[in-house]
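Scroll down for the structure; my scribbles are underneath it.
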Amino acid sequence: MRADRLVATLLFLQERGRVTVPEVAAELEVSERTARRDLEALAAAGIPVYSQRGRGGGWSLVGGARTDLTGLTADETRALFLATGPLSATPELRTTLRKLLRALPPPMRAQAQAATRAGVVDTTDWSRSPLTADAAHRCALHRSALQGAVVDGIRVRLGYAGVGKPVGERTVDPFGLVAKAGVDYLVAGTDKGLRTFRLSRVTSVEPTGEPVVRPPGFDLATAWRTLSGAFQDGMHAVTARARVHPDALALLQRFLGGRVRVGGPLPDGWTEVWVDGPAAKALAGHLAGLGARVEVLEPPEVRQWLARIAAELTGMYAGEESHQAR
């Protein structure tokens, strides 16, 4: 790709100070005609490159001018802007991207700018509950503060609101940040061992100035696999064997995803499935929404919870028709 060659040529100029066409051709493994054309393209693009004829001549950057570009290829640049452009919510990141964009040679700027417009972050969930500007700003500030604490190795006092719990404060050792399916988590050491904290529930971050105590040989990727694996195991604590009506199979799979394992068709046209859940009560609650289109065959605990749910709903709504008639 020509844009890659232009970047490589520019970096070669910076390294050598002055180069000849044959030297550029040899370095980039291109013909001298191509090398000359690339040098002329750099000059035409506004990069302060000039040529000097005669003995000891060659091509140089005016006044030893330099670019801050660090050797990114066109594909790498595009990938970087694709990844960061849609997420440039903080002023610091927007400033960084603008600086990088200015450092790129003009032939690569158009792709970089297009990449920043190639994605959208929708901060409204499917229930149409928006993430307010203040909440988004606070989340970005907390993320930035935690990233700094991770890099600097500083322990922090973390304000955190757990599910159904009031805001509390705890001192933690921040080890790293993990993005899982669009949700950010902090992996940190606590007095109860390794824990994860969802960034959207963080209410404050205060560095203590104390150094982080990191376990010997700690690896963030390995720690996350262990933590997330334990959570996944909890989601598969109970398995129900059931039969599902053909009309409901796709819906069941959409609801529960990988927690549904499909067996073969049954003589009556229904399908045998195995469905995992964290507990019998929770699993019954998930399956109850499909009504009579799913029948749990075992275990008895899930069937009992389904019967209890059915009785509660019957008691509440059994007289609905007569109520409407009145």
Looking only at atom types and distance, does a side-chain atom of Thr196 sit under 3.5 Å from a main-chain N or O of Leu186, one as donor and one as acceptor? no
With a 4.5 Å cut-off on side-chain heavy atoms, are His236 and Arg259 touching? yes
For the residue pair Arg243 and Trp270, would you count it as a cation-pi contact if the rule is NZ or CZ under 6.0 angstrom from the ring centre and within 45 degrees of the ring axis? yes
Same cluster (ILVMFWY, side-chain, under 4.5 Å), Tyr185 and Leu220: yes
Hey, mind stepping through Val202 and Leu158 against side chain to side chain contact (heavy atoms under 4.5 Å, CB included) and telling me if it holds? CA-CA 7 Å; Val202 172; Leu158 195 71; 3.8 Å; yes
Please determine whether residues Val205 and Val178 belong to a single hydrophobic cluster, defined as Ile, Leu, Val, Met, Phe, Trp and Tyr linked transitively by side-chain heavy-atom distances below 4.5 Å. no
How long is the gap from CG on Leu39 to CG on Leu13, to the nearest 0.5 Å? 6.0 Å
Donor-acceptor pair, side chain of Glu312 and main chain of Ile309, under 3.5 angstrom: no
Heavy-atom side-chain contact between Ile154 and Glu210 under 4.5 Å: no
Does some side-chain heavy atom of Arg36 sit less than 4.5 Å from a side-chain heavy atom of Glu40? yes
If you take all heavy atoms of Pro174 and Arg155, which pair is closest and at what distance? CD-CA, 4.0 Å
If the condition is ring pair (Phe, Tyr, Trp, His ring centres under 6.0 Å), which residues does Phe218 pass it with, not counting sequence neighbours? Phe175
Are Ser200 and Arg198 close enough that a side-chain donor and a side-chain acceptor fall under 3.5 Å? yes
Distance from His245 atom NE2 to Asp268 atom CG, nearest 0.5 Å? 9.0 Å
Side-chain heavy atoms of Arg214 within contact of Asp173, under 4.5 Å: no
Report the residue from Val156, Leu146, Val187 that forms a side chain to side chain contact (heavy atoms under 4.5 Å, CB included) with Val172. Val156
Determine whether a donor-acceptor pair (N or O, by modelled atom type, separation under 3.5 Å) exists between the side chain of Thr34 and the backbone of Val30. no
Note, Leu290 side chain near Leu252 side chain (heavy atom, < 4.5 Å): yes
Approximate separation, where rounding is to 0.5 Å, of Arg195 CZ and Arg170 CZ: 9.5 Å
Taking atom CZ as the centre, does Arg201 end up with more than 12 heavy-atom neighbours from other residues, nucleotides or ligands that are less than 6.0 angstrom away? yes
Heavy atoms, side chains only, cut-off 4.5 Å: are Leu251 and Arg293 in contact? yes
What is the distance from atom CG of Leu177 to atom CH2 of Trp224, rounded to the nearest 0.5 Å? 10.5 Å
Side-chain donor/acceptor of Arg18 to backbone N/O of Trp59, under 3.5 Å: no
Got Arg261 and Val275 here, is their nearest side-chain heavy-atom distance under 4.5 Å? no
Pairing of Arg241 and Glu272 as salt bridge, 4.0 angstrom limit: yes
Kindly compute the distance separating OG1 (Thr239) from CG (Leu283), expressed to the nearest 0.5 Å. 8.0 Å
Thinking salt bridges, do Asp184 and Arg143 make one under a 4.0 Å N-O criterion? yes
Taking the side chain as everything from C-beta on, heavy atoms only, tell me whether Glu295 gets closer than 4.5 Å to Val244. no
As an exercise, state the distance from OG of Ser204 to NE2 of His142, rounded to the nearest 0.5 Å. 6.5 Å
Would you tell me whether Asp38 and Thr9 have side-chain atoms, one donor and one acceptor, within less than 3.5 Å of each other? no
In terms of the angle between their ring planes, are Phe197 and Tyr160 parallel, tilted or perpendicular, with boundaries placed at 30° and 60°? perpendicular
